[in-house]
Amino acid sequence: MYETLGINKELVDKLDIAETELTNIFKKIDNDCFINSSKVMKAFQENRVSEIHFGSTTGYGYNDIGRDTIEKVFANILGADDALVRSQFISGSHALTVALFAYLRPNDIMLSITGTPYDTLHEVIGIKENKSSLKSFGIKYEQIDLVNDDFDYKKIEEYLKQNKVKLIEIQRSKGYSTRKSLSIKKLEKVIHLIKSIDSNIIIMIDNCYCEFVGTKSPLEVGADIIVGSLIKNLGGGIAPNGAYIAGKKELVDLASERLTLPGEGREVGPTLGINKSILQGLFMAPSVVASSLKTAILASYLLEKLGYKVEPKYNEERVDIVQNIEFGNKEDLISYVKGIQKGSPIDSYVVPEPWDMPGYDDEVIMAAGTFTQGSSIELSCDGPIREPYIAYMQGGLTYEYGKIGVLKAIQTIIDNKKQ
Ligand SMILES: *Cc1c(COP(=O)(O)O)cnc(C)c1O
């Protein structure tokens with residue numbers, strides 16, 4: 001059957017060996033998936049989710065009991081007092097922006113302790129000039145870099161003892177960098193340190209790509225507020241768009257008044273028919289995240305055997321669903337990304353090429369044969385065309401489809417080398 005998809009027998013033989021070797025690692029993922037599924041089931045049952053919650057509102061969106069129930073379900077699952085889950089958030093970056101503008105006031109200090117934040121936040125903060133940035137409102141920004149893929153505990157302590165900081169941002173996933181993503185254990189340690197110096201600091205976590213990887217939420221180890229996208233993990237590939245902000249009630253309320261307007265906050269926001277998709281996506285999410293993890297682990301294993309540098313390695317603990325593959329040369333990177341596109345259900349016939357994307361310094365090549373535009377819980381892969389030629393791959397709605405994509409991508413490298 002593989003051969004009808006253009007995947008050779010030799011490669012399938014390698015796959016068989018890989019899957020045997022990966023049995024125990026996959027078992028651990030299945031176990032986490034069971035725990036996370038149980039959490040989801042319990043939240044649905046405790047909140048008495050019913051067909052009535054699949055209903056819809058238009059216009060102002062007053063009295064949307066489906067939306068209100070969805071927010072309770074999300075809060076339960078994430079270990080939050082409260083949550084704001086809305087399709088009026090355009091993206092994860094938008095939700096992060098709303099949160100930052102909701103909590104920071106002129107002369108406040110925002111501190112990032114994971115180095116430079118995600119690319120899309122540079123103009124939001126004012127790291128890159130923009131007339132609407134936080135900086136333009138007189139909000140100060142400082143950052144402390146990671147050392148050896150861990151927090152710089154000493155520097156953080158010194159800084160907090162000398163400065164009154166309003167908000168600390170922690171980005172768990174690596175984004176477009178080569179550092180490791182940050183585990184819950186490291187988070188717990190740094191949060192404990194911060195709170196012991198100043199318990200009033202708002203600790204905000206960019207939780208993108210990390211939900212349902214493992215079984216603990218950052219809120220369970222003391223974070224105040226977490227933010228993520230619904231076209232990533234928690235949308236389960238079914239939510240059509242949106243994002244969430246979850247955590248302490250007063251912080252969720254502040255965010256709701258910034259998203260809509262002071263005085264109306266969370267009471268407004270029509271759902272326009274998407275409630276069922278959000279609930280069904282969340283229901284599927286533990287299993288979809290597990291499939292994405294298995295897809296990433298398989299890719300990590302096979303590509304390491306082929307001689308490429310991978311991060312994380314197949315047997316390392318994972319914090320998010322992102323797999324870095326360092327190709328070391330332009331040709332293999334491009335072949336791999338083209339192969340991921342060939343192994344996708346949508347636009348498989350389209351050949352992606354490197355292009356000058358707005359906001360990036362180098363050309364970028366992207367594969368996204370997805371049902372939802374920009375969805376990266378679906379198998380997707382992109383790489384900036386610069387040394388050392390790294391592809392960032394993530395997603396996979398089912399392991400079987402993820403596997404087809406990865407095999408097709410490897411086969412494309414092999415075929416292009418022969419030419
Ligand atoms: C995806 C992501 C975001 C937000 O991205 P959007 O594409 O705007 O949803 C923010 N931070 C990290 C680390 C991410 O991976």
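FYI, the numbering just counts along the sequence from 1. Indexing begins at 1, ligand by ligand and atom by atom, following the structure's order. Note that these values count all heavy atoms, side chains included, but never hydrogens, waters or copies made by symmetry.
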> Looking at D149 and K186, is there a salt bridge between them, counting it only when a charged N and a carboxylate O are closer than 4.0 Å?
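No, K186 and D149 are not salt-bridged.
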> List in chain and number order the residues that pass side chain to side chain contact (heavy atoms under 4.5 Å, CB included) with P117, two or more places apart in sequence or in another chain; answer none if no residue qualifies.
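P117 satisfies side chain to side chain contact (heavy atoms under 4.5 Å, CB included) with S112, L121, I125, I127, Y141, Q143, E169, Q171 once adjacent residues are dropped.
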> Strictly by modelled atom types, are Y401 and S291 linked by a side-chain donor-acceptor pair under 3.5 Å?
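Per modelled atom types, Y401 and S291 side chains form no pair under 3.5 Å.
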> If the plane angle is over 60° it's perpendicular, under 30° parallel, otherwise tilted; pick one for F137 and F101.
perpendicular
> Could you please provide the protein residues found below 4.0 Å of ligand 1 on a heavy-atom basis, arranged by chain and number?
S91, G92, S93, L96, Y118, Q171, D206, C208, Y209, S229, K232
> Name every donor-acceptor pair, under 3.5 Å, that has one atom in a side chain of residues 299-307 and the other anywhere in the protein, sequence neighbours excluded.
| from | atom 1 | to | atom 2 | distance (Å) |
| --- | --- | --- | --- | --- |
| S300 | OG | P312 | O | 2.8 |
| S300 | OG | Y314 | N | 3.1 |
| E304 | OE2 | K313 | NZ | 3.1 |

> Tell me every residue that passes side-chain hydrogen bond (donor to acceptor under 3.5 Å, both in side chains) with K330, counting only those two or more places apart in sequence or in another chain.
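In terms of side-chain hydrogen bond (donor to acceptor under 3.5 Å, both in side chains), with neighbours along the sequence ignored, K330 is linked to no residue.
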